[in-house]
Amino acid sequence: MKFRKDSESLKENSELRVLAEYNRRLKQLKITQKKVNKLRDHEMDEEAKKIQDLVKLLLEEIEAYFRTYRKVLTKYGILPEYPLEINDITKEERDIADAWQKAHRKKHGL
């Protein structure tokens, strides 16, 4: 007996993949930024500059990704965090994200 997936579960699955990819890229950005800061603390400015270029590239990539999948990310409570410079979030999008976050916290008792 074969298991057939309906279109709704396929759509939700692809949305979760988009969400996971966004979180992976954001985590990679934060880790790389920490490496830059450590190098600067050890006065290794040349190496820090090289990696800082990578951080800028990752930041631009994440911004483009957020703009592309904006509806999906706000549906799951994701709003742009500090390093992202996206200032055109509408009140409706913010309300949707806040509602999802509140429901998630309530469900898991956070």
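The nearest pair of heavy atoms linking Gln101 to Gly77 is NE2-O, 2.6 Å. Listed here is the closest heavy atom pair of Leu79 and Tyr22: O-OH, 4.4 Å.
Side-chain contact check for Ile78 versus Asn23: some heavy-atom pair is nearer than 4.5 Å. Under the 4.5 Å side-chain criterion, counting only non-hydrogen atoms from C-beta, Met44 is in contact with Glu47.
Salt bridge absent: Lys102 and Asp98 never bring a charged side-chain N and a carboxylate O closer than 4.0 Å. Classification of Arg24 and Glu21 as a salt-bridged pair holds, one side-chain N sitting under 4.0 Å from a carboxylate O. The pair Arg70-Asp88 meets the salt-bridge criterion, with a side-chain N (NZ, NE, NH1 or NH2) lying under 4.0 Å from an Asp/Glu carboxylate O.
At least one donor-acceptor pair under 3.5 Å links the side chain of Glu63 to the backbone N or O of Glu85. Side-chain N or O atoms of Glu93 include one that pairs as donor or acceptor with a backbone N or O of Thr90 at under 3.5 Å. Listed for the Glu15 side chain is no donor-acceptor partner under 3.5 Å among the backbone atoms of Val72.
Around atom CZ of Arg67, more than 12 heavy atoms belonging to other residues, nucleotides or ligands sit under 6.0 Å away.
Aromatic ring pairs are classed by plane angle as parallel below 30°, tilted from 30° to 60° and perpendicular above 60°; the pair Tyr69 and Tyr65 is tilted.
The hydrophobic cluster containing Leu19 also contains Leu58, counting ILVMFWY residues as joined when their side-chain heavy atoms lie under 4.5 angstrom apart, directly or transitively. Hydrophobic clustering (ILVMFWY, side-chain heavy atoms < 4.5 Å, transitive): Ile86 and Leu59 are in one cluster. Ile89 and Val18 fall within a single hydrophobic cluster, where Ile, Leu, Val, Met, Phe, Trp and Tyr are joined by side-chain heavy atoms under 4.5 Å apart, directly or via other members.
With rounding to the nearest 0.5 Å, the separation of CD1 in Ile51 from CG in Leu39 is 5.0 Å. Separation of atoms NZ (Lys38) and CG (Asp41) is listed at 9.5 Å; rounding is to 0.5 Å. To the nearest 0.5 Å, the span separating CD1 on Ile62 from CG on Leu26 amounts to 5.0 Å. Separation of atoms CZ (Arg105) and CH2 (Trp100) is listed at 9.5 Å; rounding is to 0.5 Å. A distance of 10.0 Å separates CZ in Phe66 from CD in Glu81, rounded to the nearest 0.5 Å. Note that CG of Leu54 is 9.0 Å distant from NZ of Lys35, once rounded to the nearest 0.5 Å.
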*Stepwise side chain to side chain contact (heavy atoms under 4.5 Å, CB included) check, Leu29 with Gln33*: CA-CA 6 Å; Leu29 173 76; Gln33 186 61 51; 5.5 Å; no
